[in-house]
Structure formats: C-alpha cells, structure tokens
**Q** 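Quick one: the structure is below, and I'll ask about it shortly.
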Amino acid sequence: GRLPGAVWAKYEGRRRTWIEAGGTGEVPAASTTAETGGHLVGAAGLWDLINHLTDQLCFDWKLWRRVRGPGRGVVDQHPSAVVIEPDSVWMGDGVRIGPHTVVDASAGPVILDRGVVIEPFTRLEGPACIGPYSRLVGGKVSGGAAIGPACKIGGEIEASIVQGFS
C-alpha cells in the first residue's frame with residue numbers, strides 16, 4: 001500500500017532525523033496500522049524493496065516536491081552537461097554537475113539532494129534519488145536507484161538501494 005500524504009510527511013521527519021544521526025540504530029517505521037487506517041505498509045522481504053523501488057520513487061517524487069518546493073537550488077552545472085526533462089529533476093543547494101554528464105529524467109524523476117556531485121562522464125537515469133553529499137564518480141546509474149547520504153558511487157548501478165556512507 002501507499003502512505004497517505006500526511007503520514008509520509010511525518011515519516012519523512014523521522015527518517016531525516018535518523019539519517020542526520022548517522023543512520024544507525026533502529027530504522028523508523030514508515031507507519032503504524034492506526035496511521036494508515038488499519039493497513040500495514042511495509043515489505044514482506046528485502047526483495048520487495050527492490051521490486052517496488054521504481055514505483056516508490058515516483059510516488060515519493062510527488063510528495064517530495066510538495067514538501068520541499070520546486071528544487072532549483074544554487075547549482076553549478078557545466079555547459080556541456082545535459083539535463084533531459086528538467087521539470088522532473090529536483091536539485092538542492094550546492095549540487096555540482098560536471099562536464100560530459102547526462103541526467104535523464106525521461107523514464108522517471110530524479111532527486112539530487114543538497115551537495116550532490118556528479119563527476120564527468122556519468123549518466124544518471126531516473127527514477128533515482130541521490131542523497132545529500134553523495135558523489136557519482138563516473139559510470140551509469142539507472143533503472144531505479146536510491147543512494148543514501150555521503151556515498152561515493154562509481155561503475156554501473158541498477159535497481160539498487162545503497163545505504164548511506166557507503
């Protein structure tokens with residue numbers, strides 16, 4: 001099931017607090033059965049997280065923009081960098097997009113949280129969410145990717161969830 005907007009906003013606050021505390025300890029529950037009208041929202045196993053990742057990223061995109069606004073922070077984008085479907089790309093303050101990179105949101109939205117760095121010769125395809133202060137150092141990220149805060153990612157990543165500080 002999907003989380004109602006008010007429940008998602010409450011969860012987002014708990015999640016952000018957990019991430020800012022280093023992402024250790026018990027993961028905050030997305031919802032309680034009382035918050036969702038008696039429906040348990042969750043995953044039956046780890047593969048459910050991957051199987052539903054692209055749908056969840058697209059769902060989260062709508063709420064992310066509603067809570068955080070249009071997302072055109074102070075961005076340093078090299079003139080040779082290409083952003084496809086820019087209305088489906090959310091960029092926080094301090095995002096740097098290097099030369100000869102592609103951010104392609106034609107298959108789904110892309111969230112680049114504050115301080116994200118995309119180095120030269122990187123292709124990023126949505127749906128994707130790149131956490132704050134993460135760095136993409138070349139290669140391709142596609143097919144649904146959720147990358148936590150302060151990660152350094154290179155090579156080819158597809159349909160993946162990367163824990164923060166990796």
Side-chain angles (χ1 to χ4, degrees), residues 3 5 8-25 27-28 30 49-50 52-166:
L3 292 176
W8 183 89
K10 182 178 177 182
Y11 167 68
E12 173 62 12
R14 293 191 304 242
R15 184 193 66 84
R16 179 149 307 277
T17 300
W18 179 75
I19 288 173
E20 288 171 354
T24 58
V27 177
L49 298 174
I50 300 298
H52 299 291
L53 181 59
T54 57
D55 290 339
Q56 190 64 49
L57 287 167
C58 291
F59 175 78
D60 289 348
W61 163 255
K62 295 172 189 168
L63 293 170
W64 183 280
R65 287 192 58 159
R66 189 177 310 151
V67 171
R68 300 210 176 181
R72 284 293 169 181
V74 178
V75 176
D76 178 13
Q77 180 177 333
H78 191 274
S80 69
V82 176
V83 177
I84 300 170
E85 301 284 338
D87 289 341
S88 294
V89 178
W90 190 96
M91 296 185 207
D93 286 337
V95 169
R96 290 187 306 160
I97 303 175
H100 309 293
T101 60
V102 175
V103 177
D104 183 354
S106 60
V110 174
I111 296 171
L112 302 173
D113 210 336
R114 68 187 178 277
V116 167
V117 175
I118 303 176
E119 293 189 5
F121 306 106
T122 301
R123 180 175 180 86
L124 173 60
E125 297 175 358
C129 179
I130 312 301
Y133 306 107
S134 286
R135 184 178 213 79
L136 305 181
V137 296
K140 182 178 178 182
V141 177
S142 65
I147 298 173
C151 291
K152 186 176 182 182
I153 302 295
E156 189 166 337
I157 305 291
E158 182 177 357
S160 298
I161 299 171
V162 179
Q163 184 68 16
F165 306 94
S166 295

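Throughout, numbering of the chain's residues begins at 1 and tracks the sequence. Quick note: numbers below take in every heavy atom, side chains included, and nothing from hydrogens, waters or symmetry partners. No experiment lies behind these values; they were computed from the predicted model shown.
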**Q** Which residue pairs pass the salt bridge (Lys or Arg N to Asp or Glu O under 4.0 Å) test when at least one of the two sits in residues 95-104, sequence neighbours left out?
**A**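 Every salt bridge (Lys or Arg N to Asp or Glu O under 4.0 Å) pair that includes a residue of residues 95-104, provided the two are not neighbours, is D104-R123.
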
**Q** Measuring only between side-chain heavy atoms, which start at C-beta, is V103 closer than 4.5 Å to M91?
**A** no

**Q** What are the two closest heavy atoms between G131 and V116, and how far apart are they?
**A**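 Nearest pair, atom of G131 first, then V116: O-CG2, 3.2 Å.
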
**Q** Side-chain contact, heavy-atom cut-off 4.5 Å: L112 with L124?
**A**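 The answer is yes; the side chains approach within 4.5 Å.
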
**Q** Are R65 and D87 close enough for a salt bridge, meaning some N to O gap below 4.0 Å?
**A**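 Judged by the 4.0 Å cut-off on N to carboxylate O distance, R65 and D87 do not form a salt bridge.
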
**Q** Looking at T54 and G144, what are the two nearest heavy atoms and their distance?
**A** CG2-CA, 3.7 Å

**Q** Got I157 and L136 here, is their nearest side-chain heavy-atom distance under 4.5 Å?
**A** no

**Q** So does G148 get a backbone contact from the side chain of S134, meaning a donor-acceptor N/O pair under 3.5 Å?
**A**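 Flag set: sc S134 to bb G148 pair under 3.5 Å.
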
**Q** CD1/I130 to SG/C151 distance, rounded to the nearest 0.5 angstrom?
**A**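 Reported to 0.5 Å precision, the distance equals 9.0 Å.
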
**Q** Please report the interatomic distance CG(D93) to CG(D113), rounded to the nearest 0.5 Å.
**A**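 If I round to the nearest 0.5 Å, the distance is 10.0 Å.
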
**Q** Over 60° means perpendicular and under 30° means parallel, so classify the ring planes of H100 and F121, tilted if in between.
**A** parallel

**Q** Output the distance between atom CD1 (I161) and atom OG (S166), rounded to the nearest 0.5 Å.
**A**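 It comes to 12.0 Å.
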
**Q** Would a 4.5 Å heavy-atom cut-off, applied to side chains only, mark T101 and H78 as touching?
**A** no

**Q** Working to the nearest 0.5 angstrom, can you tell me the gap between I147 CD1 and R135 CZ?
**A** 13.5 Å

**Q** Can you see which heavy atom on I97 is nearest to which on A81, and at what distance?
**A**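 That closest heavy-atom pairing would be CG2-CB, 3.6 Å.
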
**Q** For A128, does its backbone N or O pair with a side-chain atom of W61 as donor and acceptor, under 3.5 Å?
**A**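 It does not hold such a pair.
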
**Q** Specify the closest pair of heavy atoms between L57 and C129, including all atoms of both residues, with the distance to one decimal.
**A** CD2-CB, 3.8 Å

